[in-house]
Amino acid sequence: MRIFTAALATETNTFSPIAIDKRAFEASLHAKPGQHPATPTLCTAPITVGREVCAREGWTLIEGTASWADPAGLVAQATYEELRDEIIGQLHAAMPVDGVVLGLHGAMVAQGYDDPEGDLLSRIRAIVGPDVLVCAELDPHSHLTAKRADAANFFVYFKEFPHTDFVDRARDLWSIAVRALKGEIKPVMSIFDCRMIDVFPTSKQPMRGFVDNLMALEKSEPGLLSLSVVHGFMAGDVPAMGTKLLAITDDRADMGAALAEKLGRELFAMRGTFMVSQVDEVVAVDAALAAPKGPVVIADVWDNPGGGTAGDATVILAELIARGATDVAVGTIWDPIAVQICFAAGEGAVVPLRFGAKSAPMTGQPIDKRVTVKRLKRNAEMKFGDSFAPFGDAAWVHFDGIDVILNSTRAQSFDPSLFSALGIDPKSRKILLIKSTNHFYDSFSRIASEIVYCSAGKPYPNRPAETDYRKARKDIWPMVENPWA
Ligand SMILES: [Zn+2]
């Protein structure tokens with residue numbers, strides 16, 4: 001067997017001011033064929049798992065390029081087309097192949113392309129023909145379009161949010177692919193449109209139980225190969241935006257459709273109950289100051305670069321400063337200009353510095369302080385599960401009992417190691433202010449005395465009923481109360 005694999009992925013917040021070009025991919029991941037590191041990243045585990053599987057089976061794995069850019073705004077048209085054509089050219093050269101196993105995200109939007117993954121998959125299908133297996137692993141924060149479903153044999157999505165299971169799901173993907181290539185099964189997809197959009201953290205109920213049930217059903221239902229909730233991505237203003245339920249069966253499309261509908265309606269019945277409750281910045285700082293011990297983690301949940309925002313909002317930091325809070329560490333605020341100034345000044349320098357809140361409206365005002373540059377680090381990284389997330393050249397600055405890590409590659413706060421990377425012991429601080437919706441939870445909950453979810457300013461379109469969509473459908477909940485009427 002000859003299997004082609006590649007990855008092309010980012011998550012596009014179409015409302016974000018941060019445009020994405022080739023350099024953004026190169027800053028995060030742009031690995032040429034054979035150059036992908038042994039450690040998988042979020043959307044490239046099909047490559048690393050594929051190496052193991054093909055070695056075991058004695059099959060040939062032909063690697064194409066793997067590209068990932070951290071979530072941001074629209075991808076430049078020329079960048080998408082260049083990256084797509086790179087993979088398409090590699091596939092042409094690799095022909096004939098028996099299968100194509102891809103790592104995608106599913107929420108990419110490029111200038112001129114509302115559905116880049118659908119475009120890529122249909123071009124791949126056109127090359128390999130109708131009989132070659134085409135499958136992909138995707139992030140559930142994505143748009144499942146008819147074009148994609150038509151072009152591929154099957155998709156496996158991460159089940160967990162935080163996405164702690166991206167390697168496990170790549171193993172599921174490959175396990176189904178291997179059985180299909182050996183002729184043991186015929187995977188077919190059945191999709192149910194849940195007519196809703198919501199946010200579904202699996203670290204708490206009711207989604208925890210829902211996902212546990214999906215995994216139990218996968219083991220117990222005869223003929224069922226895989227179940228996924230495609231959460232959807234409310235910051236992507238595209239026609240297919242919304243939540244879907246996906247069942248893959250061994251050639252039992254009707255059974256899959258019935259199960260997808262049953263589960264999809266269960267999910268719809270729980271709409272609006274999935275997110276943790278959030279407080280504003282005043283209540284968040286009240287709670288942190290009142291806590292008997294630290295570290296209290298305040299998560300700035302909507303200024304999450306992982307959702308494509310700039311990650312430079314200052315609303316909560318300004319509240320901490322106004323209240324005289326000390327023993328505070330902030331990680332991170334994105335400000336490449338301020339980082340450059342700190343590098344020019346050098347460690348130990350005391351400089352007047354303006355930082356933060358330069359990129360988007362409703363994210364607060366820039367902070368002006370005389371700061372001490374405590375530590376500088378080129379190409380800083382933090383842990384994310386078994387892999388690493390880069391956050392670029394970074395500066396630790398100190399003023400008035402507050403330590404702030406300024407970074408130059410946007411990254412959400414995955415792990416407390418972002419603090420230790422600069423020499424700050426996160427466990428020693430009373431208050432840690434971080435930027436992440438939910439991915440932080442797994443690692444920060446291990447050191448936090450308390451976690452406060454804070455909704456501050458309006459950096460992200462997190463209230464779909466109020467969002468000014470131009471392309472997304474408006475006949476789903478919560479834009480309408482009853483989309484089934
Ligand atoms: Zn995601």
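Counting convention: from 1, in listed order, for ligands and their atoms alike.
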Check: Only one of Glu26, Lys22, His30 forms a side chain to side chain donor-acceptor pair (under 3.5 Å) with Ser67, so which one is it?
Finding: His30

Next item on the list: For the Zn ion (ligand 1), decide whether His105 has an N, O or S atom at a distance under 2.8 Å.
Entry: no

Check: Do you know which N/O/S atom name in His141 is closest to the Zn ion (ligand 1)?
Finding: ND1

Checklist line | 4.5 Å side-chain heavy-atom contact, Val339 and Asn407 | finding: no

Notebook entry, point to check: Looking at Phe268, does the NZ or CZ of Arg271 lie under 6.0 angstrom from its six-membered ring centre and within 45 degrees of the ring axis?
Noted result: yes

Notebook entry, point to check: Given Arg169 and Glu137, is the salt bridge (charged side-chain N to carboxylate O under 4.0 Å, His left out) satisfied, shown in steps?
Noted result: CA-CA 7 Å; Arg169 299 293 80 79; Glu137 182 189 26; over 6 Å; no

Notebook entry, point to check: Closer than 2.8 Å to the Zn ion (ligand 1), do we get an N, O or S atom from Glu11, backbone or side chain?
Noted result: no

